[in-house]
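Heavy atoms only: backbone and side chains are in, while hydrogens, waters and symmetry mates are out. Order of appearance sets the numbers: ligands from 1, and atoms from 1 within every ligand.
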Amino acid sequence: MLPSTTLSVPECTDVPRHIAIIMDGNGRWATKRFLPRTAGHVRGVQAVRRVVEACGKKGVDYLTLFAFSSENWRRPADEVSLLMRLFIKTLQKEVDKLDDRGVKLRIVGDLSPFEPRLQDLIKLAEQRTEHNTGLNLTIAANYGGRWDILQAIKSLLQARPDLAVNPQSIDETLLSDFLCMAFAPEPDLFIRTGGEQRISNFLVWQLAYTELYFSDDFWPDFGAKELEAAFEWYRTRERRFGRTSDQIAKKP
Ligand code: FPP
């Protein structure tokens with residue numbers, strides 16, 4: 001069990017320990033260049049590579065990327081199918097390199113609707129990198145924050161049926177152990193590219209006290225320089241976690 005920002009005040013470091021990113025703007029990046037939207041997703045994978053590398057160099061512990069939301073099934077069938085193929089191809093192509101760099105890869109979300117081949121590749125990639133001690137890279141796929149909270153409630157009650165007759169005993173700590181990001185501290189920094197300013201059902205529980213950074217860059221244009229700008233902004237934030245500025249200034 002990891003500390004919760006609503007139960008205790010965490011220690012803050014200049015480099016965020018955990019960064020969560022909504023990689024938005026792939027479609028618009030492509031449309032601007034008279035290319036099919038799917039070309040933007042292909043270029044988006046290159047940006048993933050750059051950001052993974054930059055996070056490793058900067059000493060970030062956890063990087064969590066929103067690759068496919070539970071609502072993205074609403075997209076045109078050909079775009080969904082391209083994203084699935086891209087996911088398969090990226091896993092096949094990148095896992096060796098990630099493993100060489102000591103990255104520990106996890107995929108979170110409801111993986112059950114994915115084709116068996118993709119589910120197998122995910123399992124193999126996770127097994128292959130499970131003993132690595134470098135960057136913890138998590139890809140959220142068919143993930144939704146509300147789905148996560150609901151699945152955690154169901155899993156908790158399955159593990160502890162006594163709580164159904166005594167719901168007053170349910171607390172944050174008991175529930176958060178069943179969320180799919182239970183292995184990671186809550187994100188310090190959230191980044192959304194593409195100019196929109198919303199959370200879009202990503203990590204709705206975990207973002208309670210996360211600093212929110214919005215960039216107008218489209219995701220395929222994002223890289224080490226843009227990440228550094230986000231870090232610079234992050235360092236200017238006063239993270240109060242419910243306290244006043246005076247209380248923070250008086251801290252020894
Ligand atoms: C949002 O841009 C992006 C997505 C829904 C997919 C993100 C996928 C990738 C970056 C590539 C695959 C990644 C991995 C890790 C395999 P959008 O399509 O909503 O862009 P728009 O807002 O301009 O339309």
Look at atom 17 (P) of ligand 1 and say which protein heavy atom is nearest, naming residue and atom and giving the distance to 0.1 Å.
-> Asp24 OD1, 3.5 Å

Please work out which of the three classes, parallel, tilted or perpendicular, describes the rings of Phe114 and Trp73, given edges at 30° and 60°.
-> tilted

Report the part of Gln46 in contact with ligand 1, treating N, CA, C, O as backbone and CB onward as side chain, heavy atoms under 4.0 Å; options are side chain, backbone, both, neither.
-> neither

Let me know which of Asn136, Thr64, Thr129 forms a side chain to side chain donor-acceptor pair (under 3.5 Å) with Arg106.
-> Asn136

Can you list the steps and then say if Asp188 with Arg17 is a salt bridge (charged side-chain N to carboxylate O under 4.0 Å, His left out)?
-> CA-CA 7 Å; Asp188 300 295; Arg17 270 186 83 194; 5.9 Å; no

Report yes or no: does a heavy atom of Arg37 sit under 4.0 Å from some atom of ligand 1?
-> yes

Residue Phe87 vicinity, atoms of ligand 1 by number, heavy atom under 4.0 Å | 16 (C)

If we number the atoms of ligand 1 from 1 as shown, the ones under 4.0 Å from a heavy atom of Ala67 are 6 (C), 7 (C), 8 (C)

Run the salt-bridge test on Asp221 and Arg43 with the 4.0 Å N-O cut-off and return the result as yes or no.
-> no

Asn72 neighbourhood, listing ligand 1 atoms whose heavy-atom distance to it stays under 4.0 Å = 5 (C)

Heavy-atom side-chain contact between Met181 and Glu186 under 4.5 Å = no

What protein heavy atom sits nearest atom 21 (P) of ligand 1, and how far off is it?
-> Arg28 NE, 3.5 Å

Are any side-chain N or O atoms of Arg240 and backbone N or O atoms of Ser245, one a donor and one an acceptor, separated by less than 3.5 Å?
-> no

Is there a heavy atom of Leu65 sitting under 4.0 angstrom from any atom of ligand 1?
-> no

